[in-house]
Amino acid sequence: MHPEYNPSDVEAKWQKKWADAHEFEFDIKKAKNPYYLMVMFPYPSGAQLHVGHWFQYSIPDSFGRFQRMRGKDVFHPMGFDAFGLPAENYAIKTGTPPAKSTQENVDAMIEQFKRMGVMFDWKYSLNTSTPEYYRWTQWLFLQMHKHDLAYRKEGNVNWCPKDQTVLANEQVKDGCCERCGTEVIQKPLTQWYWKITDYAQRLLDGLENLVWPEKTKLMQQHWIGRSEGAEIIFEIANDEKRAPWAEDEAPSKITVFTTRPDTLFGVTYVVLAPEHPLVEKITPEKHRGAVNAYKEEVKKKTEMQRTALEKDKTGVATGAYAIHPVTGEKLPIWIADYVLMNYGTGAVMAVPAHDERDFAFAKEYSLPVIQVVDGGDITESAFTSEGIATNSEFLDGLPTKEAKKKMIAWLEDAEKGRGIINYRLRDWLVSRQRYWGSPIPIVYDPEGNPHPIPEKHLPWMLPTDVEFKPTGKSPLTESKEFIERTEKIFGKGWTPEFDTMDTFVCSSFYYLRYLASGDDKHLIDPTIEKKWMPVDMYIGGPEHATMHLIYARFVMMALKDFGFVSHEEPFQRLVHQGLITNQGAKMSKSKGNVVSPDSFVEEYGSDVFRMYLMFMGPFTDGGDWSDTGIKGIARFVQRVWRLISEKSDAKVSDSRDVLMKLHRTIKSVTDGLETLHFNTAIASLMELLNTLESQEKISLETAQTFAKLLSPIAPHLAEELWSTLGGKGFVIDQSWPQFDHAQLQSDTLTIVVQVNGKLRGDITVDAKAKKEDIIAEAKKDPNVAKYIESGIKKEIYVPEKLVSFVV
RNA sequence: GCCGAAGUGGCGGAAUUGGUAGACGCGCACGACUCAAAAUCGUGUACCGCAAGGUGUGAGGGUUCGAUUCCCUCCUUCGGCACCA
């Protein structure tokens, strides 16, 4: 008699045995066959782990166990992305210091992870909000600064006038403050940026060799937004009515960017972004009123409203004129909000005949439209495709591609422009007017010039004498200790930088710090980095496709240039897990639709729960939560437990059919786990179990192989089974079963017979049968014979699969 | 608007160098065991049809002996970008 499998006892037992044997304690120095498996680290929220966490962390653990059994030394660390808004907001609400609530949450989460039965070695953990970690965040800032990749400039932030606070993009809902509903305005602020744009081309090129979802690569390509074109210089017409300015700073030219230099002869006006610094200088007195009024109007619009306008183009003429670089014609200069200051040069040459936005604008303000590319009708809309140049002097008759080249060559000769590549990527704004982040390691002298804090003062501690109430300034400005500390070290009148760093900075290099084992002298040991990087498999949500995954790549490239690492790319293979929803909606505390795994784990055990999550569908798809099928997995576990131990017999050997099924299962489980199709891997184990069930007895070897195949996906059950079957040591330490090609082949084949593509029968033939014999056999099938009476026109034979007759 | 992914039984999903659509599981129905229930086991389960047979992978067309798979048009859902010059 076999007692029922009791998951809670068995799982607790094996978790203890693993711990006692130090089974999952890792040594990155000793590892011989490194495999670096990382899952994006969580934010330590106060809520319990939910079904989504189990999906995200238990399934990769199964993948790690599989790689481990295949002989890899799998390093699979876990840490916490602990700086960020929620803890700060919680502090504003309750007064609890973020450091305190964060630590409590981290501790609680670690306890829950342990119950999951995952292989994390907590000795390698990290927490980005600890001084031991953020000293490296600050070190990274200093390195960026040292290599001229960090600079300050004025930029706009989302500002809530009522709450007196800077808002993150996700706190802005429909142009209003998420909390109080006040309309959010754009406020200029001087902040720190990192020059990620210097790396645009490398970030683009590097994508090619990465084993990443194509979709993600494409998103990064769009994000980087490379476009080839030309910068063209338009002189400003010398007009006595223009604005007064000092002779030496007289602006004399506007530089525009265009991807269509071939249409230069079709330019009928020039447009500047309303924020363009030249606007003020070129606008003649007479037009200032209208221009300033328009600028005010644009400033009031949030980004949302500005982009929602779609078709209605607005703008105003500045009254100034530009000179066409080839024809010398005078072209009016307009300002319009459809031209963006942060793309290209903030100025465009308008070719209404061949650009939709210019066309709409020209129609609105009755500006001339000149066709310079043949091949389309421009009476109703712009013709934006390529064609043959016309009305274009020396370009006439050339196809677009050649016309572009010739125009660029002409401009370069005449020194009126040049061919350039433009990127949409913008520099990374790393300043945050927040408390709960890493302080920026910069101090200002009494004249206000920034100076990097010498490395010996790191970690540059985050002060604690701060109230968390919003005041309109960075919270650190309140800290007396912070200011006193700065003056004590640097001198009277010196002040610290009060902003903290974006949390994406913390997560841009954490893959290196896991490997550093807390080393406080070096970011990472170069030999360890060489051995372990890049990360072999990185798993995380698709919401990080651009931001985090581009920042991390940029930082790795920069660190390589600085000489600290040997690799260019941090993540070799990337997989996005799907999202587990509840009734179609993302699980969140605010919606109150969070599903807790606790009651299921208690009833069925963690093996069943994680297996059920795997069985729901492909890992990359996620799915809508429903507990209706979990019983099927629970049944499977009980049947495995009962049948495998009951039927195994060291004295029997298996039939050819059983061996074939076994080897086919080894193959499909291996393929399934390698490609993260855990659902099909489990299905094929179920099929194998169904086959074994019909046997009187099975060999001990087959039973043990079953336990091994089960081990990554149901680790506790597999250990229990393995020990019951007399296996030595832990099943997780066994090597992964190999399949034998010879055993995959059946002695007979089923050949399908079609007539005119319709299935009419099937025949069973010897695996070695010849084509002619198989076709002859197919013709004899009584049902097939009926359909081929009228005569066969064509015979098609697909080896080992089918015969098709055309009549 | 543009870019990308997807759409298969009552449900989750299998199957793609084009070759038996619906593996595996859930649910459901009937049966066995039971005083009974649960659990377990067995049988059946895409649709229409008594059957022969026919239909069927979002809709419509195309290529092919043969299409869930390839091509075109459209619809729906999801994700991303959003006046990018």
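Convention: sequence-line order gives letters A, B, ...; per-chain numbering from 1. The structure presented is a predicted model; accordingly, all values stated were derived computationally and were not measured.
Of the side-chain N and O atoms in A:K631, none sit less than 4.0 angstrom from OP1 or OP2 of B:C26. The phosphate of B:C24 has neither OP1 nor OP2 within less than 4.0 Å of any side-chain N or O from A:R635. Checking the phosphate oxygens (OP1, OP2) of B:C84, a side-chain nitrogen or oxygen of A:R357 falls inside 4.0 Å.
Residues from residues 798-807 of chain A with heavy atoms under 4.0 angstrom of RNA chain B, sorted by number: A:V798, A:K801, A:L802, A:S804, A:V806. Proximity of residues 671-695 of chain A to RNA chain B (heavy atom under 4.0 angstrom from any strand atom) is restricted to A:N679, A:T680, A:A683, A:M686, A:E687, A:N690.
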Pairs of donor and acceptor atoms involving the side chains of residues 750-765 of chain A, under 3.5 Å and at least two apart or interchain, shall be tabulated with distances.
| unit_1 | atom_1 | unit_2 | atom_2 | d |
| --- | --- | --- | --- | --- |
| A:N756 | OD1 | A:V807 | N | 3.1 |
| A:R760 | NH1 | A:Y787 | OH | 3.2 |

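Remark: A:D627 engages no residue in a side-chain hydrogen bond (donor to acceptor under 3.5 Å, both in side chains) (not counting sequence neighbours). By the side chain to side chain contact (heavy atoms under 4.5 Å, CB included) test, A:A683 pairs with A:F615, sequence neighbours left out. Residues satisfying the side-chain hydrogen bond (donor to acceptor under 3.5 Å, both in side chains) test with A:E777, not counting sequence neighbours, are none. Residues that satisfy the side-chain hydrogen bond (donor to acceptor under 3.5 Å, both in side chains) test with A:W54, not counting sequence neighbours, are absent from this structure. Listed by chain and residue number, nothing satisfies the side-chain hydrogen bond (donor to acceptor under 3.5 Å, both in side chains) test with A:T268 (two or more places apart in sequence, or in another chain). With sequence neighbours left out, the side chain to side chain contact (heavy atoms under 4.5 Å, CB included) criterion links A:K405 to no other residue.
A distance of about 36 Å separates the P atoms of B:G12 and B:U64, rounded to the whole Å. Rounded to a whole angstrom, the distance from the P atom of B:A39 to that of B:C24 is 22 Å. Taking atom C1' on both B:G9 and B:A23, the two are 14 Å apart, rounded to the nearest angstrom. Taking atom C1' on both B:U57 and B:U69, the two are 10 Å apart, rounded to the nearest angstrom. Taking the C1' atoms as reference points, B:G25 lies 14 Å from B:U45, given to the whole Å. Rounded to whole Å, the separation between the C1' atoms of B:U73 and B:A21 comes to 26 Å. B:G7 and B:U16 have their P atoms separated by 14 Å, with the value rounded to a whole Å.
The aromatic rings of A:W334 and A:Y269 sit perpendicular, their planes meeting at an angle over 60°, well past the 30° parallel limit. Ring geometry for A:F600 against A:W625 counts as perpendicular: the plane angle is over 60°, on a 0 to 90° scale with 30° as the lower cut.
Set against B:A85, B:G19, B:G53, the side chain of A:K786 has B:G53 as its closest nucleotide. Closest approach to the A:Y338 side chain among B:C65, B:U20, B:C83 is made by B:C83 (side chain taken as heavy atoms from C-beta onward). Distances from the side chain of A:T628 to the nucleotides B:A85, B:C81, B:C26 place B:C26 closest. Listed nucleotides B:U55, B:A85, B:A21 differ in distance to A:T259; the shortest reach to its side chain belongs to B:A85.
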For RNA chain B, the dot-bracket notation using Watson-Crick and G-U wobble pairs below 3.5 Å, [ ] for pseudoknot-type crossings and | for other-strand pairs, is (((((((..(((......[....)))((((((.......))))))(((....)))..(((((..]....))))))))))))....
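Note: A:H576 NE2 to A:L549 CG = 6.5 Å, rounded to the nearest 0.5 Å.
The number of heavy atoms from other shown groups lying within 6.0 Å of CD (A:E543) is above 12. Within 6.0 Å of atom CD in A:E356, 12 or fewer heavy atoms from other residues, nucleotides or ligands are found, so the atom counts as exposed in its surroundings.
For the pair A:K771 and A:Y797, the cation does not sit on the ring face, since its NZ or CZ is not both under 6.0 Å from the ring centre and inside 45° of the axis.
Contact annotation for A:K217: no contact, since no heavy-atom pair falls under 4.0 Å across all strands. Across all strands, A:R639 comes closer than 4.0 Å only to sugar-phosphate atoms, never to a base (heavy-atom distances). At the heavy-atom level, A:P618 lies under 4.0 Å from the strands shown only through sugar-phosphate atoms.
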Using a 4.0 Å heavy-atom cut-off, write out nucleotides 46-51 of chain B from 5' to 3' as B (base contacted by protein), S (sugar-phosphate only) or - (no contact).
------
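Proximity of the aromatic rings of A:F609 and A:Y604 is defined here by a centroid distance below 6.0 angstrom, and this criterion is not met.
Here B:G9 is in the syn range [glycosidic angle within 90° of 0].
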Atom pairs, N/O to N/O, protein against nucleotides 3-6 of chain B, distance under 3.5 Å?
| unit_1 | atom_1 | unit_2 | atom_2 | d |
| --- | --- | --- | --- | --- |
| B:C3 | O2' | A:H222 | NE2 | 3.1 |

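Among A:M686, A:R610, A:M614, A:Q638, the one residue that satisfies the side-chain contact (heavy atoms from CB on, under 4.5 Å) test with A:I633 is A:M686.
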Pair A:Y551, A:W428 - check ring-ring contact (aromatic ring centres under 6.0 Å, His included), show working.
CA-CA 8 Å; A:Y551 295 147; A:W428 177 8; 3.8 Å; yes
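Evaluation of atom-type donor-acceptor distances gives a pair under 3.5 Å for the side chain of A:K313 against the base of B:C83.
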